[in-house]
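A quick write-up on the structure given underneath.
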Amino acid sequence: MATLFTKIINREIPATIVYETDNVLAFKDINPAAPVHILIVPKKEIPTVNDITPEDKEIIGDMYLAIGKIAKDLGIDQEGYRVITNCNEYGGQEVFHLHFHLLGGKKLGPLIS
Ligand code: 5GP
């Protein structure tokens, strides 16, 4: 069954999309934890960081290139931001389709809680 994020990639569920390439989609988080909260997802269904394989190297690289581009487009590249990926239960992962959280737009607090 398609993941929630695949449904967003396929435009079956609406989202505010900010960036797209052949390998990557980025859109606003529905429940933002910061003034800027973008999710960067691979179009390939990779459930968790644990499932990344050597053949995914280009996709992961494209995801990081997307982050830099989006941060620049949103004007937060110089002030700075945070990139987070949650993995499985202890990491607090809720959607099992790999994604990076791009958080910014304010000075962020301590990372660990
Ligand atoms: P995780 O906890 O898996 O690292 O993060 C999942 C993120 O997906 C959460 O920040 C949550 O707010 C976001 N999210 C969940 N459902 C939707 C949705 O339907 N649309 C969008 N845009 N974001 C979602």
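Counting starts at 1 for both ligands and their atoms, following the listed order. Note that this is a predicted model, so its numbers are computed, not measured.
Taking atom 22 (N) of ligand 1 as the reference point, the nearest protein heavy-atom neighbour is Lys28 O, 2.9 Å. Scanning the protein for heavy atoms near atom 23 (N) of ligand 1, the closest one is Ile30 N, 3.3 Å.
Remark: Asn50 pairs with Thr48, Cys87, Asn88 by the side chain to side chain contact (heavy atoms under 4.5 Å, CB included) rule, at least two apart or across chains. The side chain to side chain contact (heavy atoms under 4.5 Å, CB included) search around Thr53 returns Glu55, Asp56, not counting sequence neighbours.
In this structure a side-chain-to-backbone donor-acceptor pair under 3.5 Å is missing from Asn10 to Glu12.
Interatomic distance, Thr3 OG1 to Lys7 NZ, rounded to the nearest 0.5 Å: 8.0 Å.
At a 4.0 Å cut-off, not a single heavy atom of Thr85 sits close enough to ligand 1 to count as contact. For the pair Phe5 and ligand 1, a heavy-atom separation below 4.0 Å is found.
When only interatomic distances are considered, the shortest N/O to N/O separation between Ile13 and ligand 1 does not fall below 3.5 Å. Taking any N or O of Gln93, backbone or side chain, none lies under 3.5 Å from an N or O belonging to ligand 1.
Contacts between Phe27 and ligand 1 below 4.0 angstrom, taking non-hydrogen atoms only, involve the side chain exclusively.
Between His99 and His97, the distance separating the two ring centers is not shorter than 6.0 angstrom.
Residues Ile8 and Leu39 fail the side-chain proximity criterion, which asks for heavy atoms closer than 4.5 Å.
When the heavy-atom distances from atom 11 (C) of ligand 1 to Asn31, Ile17, Asp29 are ranked, the shortest goes to Asp29.
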